Q: 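Okay, handing you the structure first.
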Amino acid sequence: MTALVDRPARPATGPPPSGPVARPGRVTDRAAHLFLVGWAVLVTVPLLWAVLSSLKTDREILTSPWTLPAQPQFDNWSRAWTQASIGTYFVNSAIVVGCALVLTMLLGSLVAYALARYTFSGNRLLYYLFVAGILFPVFLALVPLFFVVKQLGLIGTYPGLILVYSAYALPFTVFFLHSFFRTLPTAIAEAAFLDGCSHAGVFFRVMLPLARPGLVSIAIFNFLGLWNQYLLPLVLNPDPDRYVLAQGLAALSVSQGYRSDWSGLFAGLTIAMLPVLAAYVLFQRQIRSGLTAGAVK
Amino acid sequence: MAAMRHGKYRFLAGAILPGLLLYAVFVLSPYAQAFYLSLTDWTGVSGQVTFVGLENYQRLLDDRSFLAALRNNGLMLLVVPLATIALGLLLAALVNFGGRRGSTMLAGIRGAEFYKIAYFFPQLLSLPIIAMLWQFVYHPNEGLLNGFLRAVGLDALARAWLGEPGLALWAVMAVLVWSSVGFYMVLFSAAMESIPRDVLEAAVLDGAGRLATLRRVIVPLLWDNVQVAFVYLGVLALDGFAIVQIMTVGPGGPDGATEVIGLGLYRSAFTYGKFGYAAAMGVALFFLTLAFAAIALRASRRERVELS
């Protein structure tokens, strides 16, 4: 293995260590633990506080913020789900993200595969055209995008959001899967061709199954990215009946009627956090490796 | 192979064109239009577009709120990546080498896996949700932070965290750091695990303390990851829209203290209908991002020496 450093490690012929290797005392050991526990508290306490508060009465939230709820108020949750429309927002999010994810994976893997495994003139140009989208901030496109979607009559519709979500997820998906398809062996594909498989057949029956680990990584990456979208729906989705979760919650938190309903807002927050938490508990290893692989590639 | 050539171009067209069409309509064409729109005075009424050249850009330079946004984004660009990377590196080093097992002092700490799982979670939450959560935490009367300070007798430190112009931006930046540290800790941790043991042991035998080992051996070996992290976090800091829009008064307040470019752009376009002017802000943000990425990648290039 070759590693890179900015300076070589000191040669072993340097001054020998005096006596036994200097061992840091128990103090630094304890400091390390203290620091780690401290950050763990800092990360978990606000989240736990939100979940606990979602089960309290408004009075309890104000008067005893540190205790467990005397009696869990699941009523807060049902109030948030129905009256505050969190349920509607949740379903909207699920529809838009589900469809956009399928579309992104299908189109992205097709484009990435075609560009990675076939030589034709214009291949490099197309690749750079797709990948360039990673670099540009969405804010640059925001104003014209609004009018493009408006002219197509897609403002405030599911198809409009789905198409735009997919379009903006494509650059990274193509970039990631392009490098993945390049690493797959060619022998199996050639054998399939000899057996009379068509190009599309080779892609769907041979290459896609082989690429599964890469597809899972990028699907997780895309799911989280799409589920957490805020700016695009804010601009393209003005109809309150079609709000997605993050957008709907944010709208609730500024609307006068809900300003004082702390327990209801905490319940909404908790409902929004729980699916992600549940998915994380189940797939945490895959999610962490998928996301970190996504960042480094 | 004849079989492979058969139907190749039909397949390629079918594979590439749908994706390309979607991408061209919703991504490429808006990006291209943005540059032209930024040179017009368009207010959204079709047929009333006048080409005004660089006037929008000139106005940007006199726009006090844009200049405040520029200053705030600039500060965020410095503070957020540096704080996140420093904390991420420190936590990753503590988890990977903070423990003590046998005679070496470079062992993983007990509970390492738990820390990685817990720290990573905020990364999964969307910024609007994090912003709402911290709005509650920072609340002057019933918030968690002031409640904690009062509970431990530090009443004097309780503040209206988002209400004081000198504090609000720092409160916002702290939330951005809070939400991203875990991700970079896991990222750096994975990189640290691949460092060969003998390199670290050699450093320890040379009498290097833990801090020196971290600074002189581990961090240089992770330099590529740090560079990537810096660019990602910089892009995050140049945005800041969701968190500022939801958390701060105004939003962008108090008194423009948390104004960011994205917020100004959104307001100009979708509140005031000044689409040409907003497009100019988008172009300015684009060049800022590009310049930042170029500088970050150049400046952090170090002299490299091959090791084994």
Side-chain angles (χ1 to χ4, degrees), chain A residues 3-10 14 17 21-24 29 32 35-36 39-40 43-44 46 49-50 62 65 107 110-111 114 118 133 136-137 139-145 148 163-164 166-168 170 193 199-200 224 228 230-231 246 249-250 253 269 272-273 276 280 284 288 292 295-296, chain B residues 3-4 7 11-12 15-16 18-19 22-23 26-27 30-31 33-34 37 91 94 98 100 105 115 117-120 122 124-126 128-129 132-133 137 142 144 147 186-187 190 199 202-207 210 220-221 242 246 262 265 269 275 278-279 282 285-286 289 302-305 307:
Chain A
L4 300 167
V5 253
D6 64 337
R7 67 189 80 200
R10 239 190 291 164
V21 176
R23 289 180 63 168
D29 224 41
F35 197 74
L36 287 169
W39 191 263
V43 166
T44 46
W49 179 63
L62 302 187
L107 296 181
L110 275 167
V111 170
Y118 290 86
F136 295 173
F139 282 102
L140 175 60
L142 210 55
V143 172
L145 176 67
V148 166
L163 292 175
V164 171
S166 291
Y168 281 85
L170 270 184
F193 275 121
H199 290 271
L224 289 168
N228 291 339
Y230 176 65
L231 183 61
L249 265 172
S253 82
L269 265 186
M273 290 192 300
V276 184
Y280 184 47
Q284 45 94 6
R288 275 185 294 147
T292 40
V296 187
Chain B
M4 272 185 75
F11 171 72
L12 282 180
I16 294 175
L22 187 75
Y23 183 64
F26 293 109
V27 182
Y31 279 136
Q33 287 177 52
L37 277 182
L91 290 169
L94 286 178
R100 183 212 302 262
M105 63 177 208
Y115 290 124
I117 294 173
Y119 291 178
F120 195 79
L124 302 172
L125 300 174
S126 62
I129 287 180
M132 276 184 71
L133 181 68
V137 173
E142 288 95 34
L144 189 63
V186 169
L187 187 71
V199 173
V204 174
L205 280 177
D206 272 1
R210 288 192 198 198
L221 282 167
I246 293 171
L265 190 158
F275 293 106
L285 185 61
F286 165 70
T289 311
R302 285 186 163 193
E303 184 197 337
R304 282 179 178 158
V305 179
L307 177 102

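Letters A, B, ... mirror the listed sequences (proteins, then strands); counts begin at 1. Only this structure's heavy atoms are used, side chains among them; waters, hydrogens and symmetry mates stay out. Everything numeric here is computed off the predicted structure, so don't read it as measured data.
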Q: Heavy-atom cut-off 4.5 Å, strictly under: side chain, backbone, both or neither for A:L224 against chain B?
A: side chain
Q: With a 4.5 angstrom heavy-atom cut-off, is it the side chain or the backbone of B:P128 that approaches chain A, or both, or neither?
A: side chain
Q: Evaluate the side-chain proximity of B:Y119 to A:L36: yes if any heavy-atom separation is below 4.5 Å, no if none is.
A: yes
Q: Is A:V148 close to chain B through its backbone or its side chain, or both, or neither, when contacts mean heavy atoms under 4.5 Å?
A: side chain
Q: When rounded to the nearest 0.5 angstrom, what distance separates CG in A:L110 from CG in B:L12?
A: 10.5 Å
Q: Considering only heavy atoms, which portion of B:L265 lies under 4.5 Å from any heavy atom of chain A: side chain, backbone, both, or neither?
A: side chain
Q: Residues in ring-ring contact (aromatic ring centres under 6.0 Å, His included) with B:F286, at least two apart?
A: A:F136, B:F35
Q: Could you tell me which portion of A:W49 (side chain, backbone, both or neither) has an atom closer than 4.5 angstrom to a non-hydrogen atom of chain B?
A: side chain
Q: Using heavy-atom distances under 4.5 Å, tell me whether B:A269 contacts chain A through its side chain, its backbone, both, or neither.
A: side chain
Q: Heavy-atom distances under 4.5 Å only: say whether A:L170 touches chain B with side chain, backbone, both or neither.
A: side chain
Q: As an exercise: rank B:I246, B:L124, B:L91 by heavy-atom pairs under 4.5 Å with chain A and give me the winner.
A: B:L124
Q: According to side-chain hydrogen bond (donor to acceptor under 3.5 Å, both in side chains), who are the partners of B:Y115, at least two apart in sequence or on a separate chain?
A: none
Q: Which region of B:L22, side chain (C-beta onward) or backbone (N, CA, C, O), has a non-hydrogen atom less than 4.5 Å from a non-hydrogen atom of chain A, or is it both or neither?
A: both
Q: Step by step, would you call A:R288 with B:I117 a side-chain contact (heavy atoms from CB on, under 4.5 Å)?
A: CA-CA 9 Å; A:R288 275 185 294 147; B:I117 294 173; 3.8 Å; yes
